[in-house]
Amino acid sequence: MGALMVIFSLQKDQRRKRTDSVEDELELSAVRHRPEGLEQLEALTRFNRKELQILYRGFKNECPSGMVNEDTFKVIYSQFFPQGDASMYAHFLFNAFDTDKDGSVSFEDFVMGLSILLRGSVQEKLNWAFNLYDINKDGYITKEEMLDIMKAIYDMMGKCTYPLLKDDTPRQHVEIFFQKMDKNKDGVVTIDEFIDCCQNDENIMRSMQLFENVI
């Protein structure tokens, strides 16, 4: 989660200290895509008005049009993982933020997801994580989908892992996790199985918390 906060929030343009809320509203209307009003976003998220203003300025600094496409998202996100290849994980992460599946992430998409990841309940965070792992969005996680996400995470971390991991480590972890989660042994994990297993298995929950740190 720290990476996205650094990317889009307290950026260099934060030095421009303006306290007039009218100017902030005018700022919101000056881009091609105009986000929802601050009051509506404040009601829909767990951020207050000032936090939303700061987040928006950082977002607009990186994405002047008010929208970010996948290629731009990958470039920004990869800057924080120079030791590895973050492109595939950034692809999955982008798809999780792109809730309306229009090929772009708006400021609304961004703050709605960030609100869950930073200040949501455990249930909300696990729902969001399930959506990330459910790559084809059919309501189930297959072993192949879980492996794709796990490989992407290890590729992104690169040489940061210690001790160095073997090539088959992601598959070994997936086999263990999937066996625990797929309680009825039907070859897929439902959202109920996913949440129940994460909440009742300390090792998996710890892995989920580590996963949050790369968002």
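Keep in mind the model is a prediction, meaning the values are calculated, not measured.
Partners of Asp71 under the salt bridge (charged side-chain N to carboxylate O under 4.0 Å, His left out) rule, at least two apart in sequence or in another chain, do not exist in this structure. Asp196 pairs by the salt bridge (charged side-chain N to carboxylate O under 4.0 Å, His left out) definition with Lys183, not counting sequence neighbours.
In terms of heavy-atom proximity, Ser87 sits nearest to Ser78 at N-OG, 4.3 Å. What you find for Phe178 and Thr142 is that their closest heavy atoms are CE1-C, 3.5 Å. Heavy-atom minimum distance, Pro170 versus Tyr154: CG-CD1, 3.1 Å. Closest of all the heavy-atom pairs between Thr45 and Val111 is CG2-O, 4.0 Å. Of all the heavy atoms in Asp102 and Met67, the pair that sits closest is OD2-CE, 4.2 Å.
Residues Met156 and Phe81 have side chains in contact (heavy-atom distance under 4.5 Å, counting atoms from C-beta outward). For the pair Phe94/Lys74, no side-chain contact is recorded, criterion being any heavy-atom separation below 4.5 Å from C-beta on. Residues Asn127 and Ile191 have side chains in contact (heavy-atom distance under 4.5 Å, counting atoms from C-beta outward). Using a 4.5 Å heavy-atom cutoff, the side chains of Lys143 and Leu147 are not in contact. Put simply, the side chain of Lys137 reaches to within 4.5 Å of the side chain of Lys101, judged on heavy atoms. With a 4.5 Å cut-off on side-chain heavy atoms, Leu44 and Met112 count as touching. Looking at heavy atoms from C-beta onward, Asp182 lies in side-chain contact with Glu193 at the 4.5 angstrom threshold. A heavy-atom distance below 4.5 Å is found between the side chains of Asp134 and Glu145.
Note that the CG atom of Leu93 and the CD1 atom of Ile153 stand 10.0 Å from one another [nearest 0.5 Å]. Between atom CD1 of residue Ile141 and atom OH of residue Tyr133 there is a gap of 8.0 Å, rounded to the nearest 0.5 Å. Atom-to-atom distance recorded for Arg57:CZ and Glu62:CD is 16.0 Å, nearest 0.5 angstrom. One finds the OH atom of Tyr56 at 10.0 Å from the SG atom of Cys63 (value rounded to the nearest 0.5 Å). To the nearest 0.5 Å, the span separating CG on Leu52 from CG on Leu114 amounts to 10.0 Å. With values rounded to the nearest 0.5 angstrom, Met88 atom CE is found 8.5 Å from Asp155 atom CG.
No single ILVMFWY cluster, assembled from side-chain heavy atoms under 4.5 Å apart, contains both Tyr140 and Phe194. Val188 and Leu132 fall into different hydrophobic clusters, where Ile, Leu, Val, Met, Phe, Trp and Tyr are joined by side-chain heavy atoms under 4.5 Å apart, directly or via other members.
Ring geometry for Phe59 against Phe107 counts as perpendicular: the plane angle is over 60°, on a 0 to 90° scale with 30° as the lower cut.
Under a 4.0 Å N-O distance rule, the pair Glu51/Arg119 qualifies as a salt bridge. The existence of a salt bridge linking Glu124 and Arg46 is confirmed by a sub-4.0 Å separation between a basic side-chain nitrogen and an acidic carboxylate oxygen.
In this structure, Val75 shares a hydrophobic cluster with no other residue, the cluster being traced through Ile, Leu, Val, Met, Phe, Trp and Tyr side chains under 4.5 angstrom apart.
Counting only distance, with no hydrogens or angles, the side chain of Asp109 and the backbone of Gly113 share no donor-acceptor pair below 3.5 Å. Under the 3.5 Å distance criterion, the side-chain polar atoms of Lys125 are left unmatched by any main-chain donor or acceptor of Ile116. Remark: side-chain polar atoms of Lys185 are paired, donor with acceptor, to backbone N or O of Gln179 under 3.5 angstrom.
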Residues Glu39, Arg49; criterion side-chain contact (heavy atoms from CB on, under 4.5 Å); working and verdict:
CA-CA 7 Å; Glu39 289 184 3; Arg49 185 182 184 86; 4.0 Å; yes
- Task: Using the side-chain contact (heavy atoms from CB on, under 4.5 Å) rule, take Val189 and Phe177 through it: C-alpha gap first, then chi angles, then the decisive distance, then the call.
- Result: CA-CA 10 Å; Val189 173; Phe177 289 168; over 6 Å; no
### Message
Working note: Ile195 + Gln123, criterion side-chain contact (heavy atoms from CB on, under 4.5 Å); need CA distance, chi angles, decisive distance, verdict.
### Response
CA-CA 7 Å; Ile195 291 175; Gln123 179 92 8; 3.6 Å; yes
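With hydrogens and angles left out, the side-chain atoms of Thr190 and Asp192 include no donor and acceptor closer than 3.5 Å. Between the side chains of Asn69 and Ser104, no donor-acceptor pair of N or O atoms lies under 3.5 Å. Using modelled atom types and a 3.5 Å distance limit, the side chains of Ser106 and Glu108 yield a donor-acceptor pair.
Proximity of the aromatic rings of Phe97 and Trp128 is defined here by a centroid distance below 6.0 angstrom, and this criterion is met.
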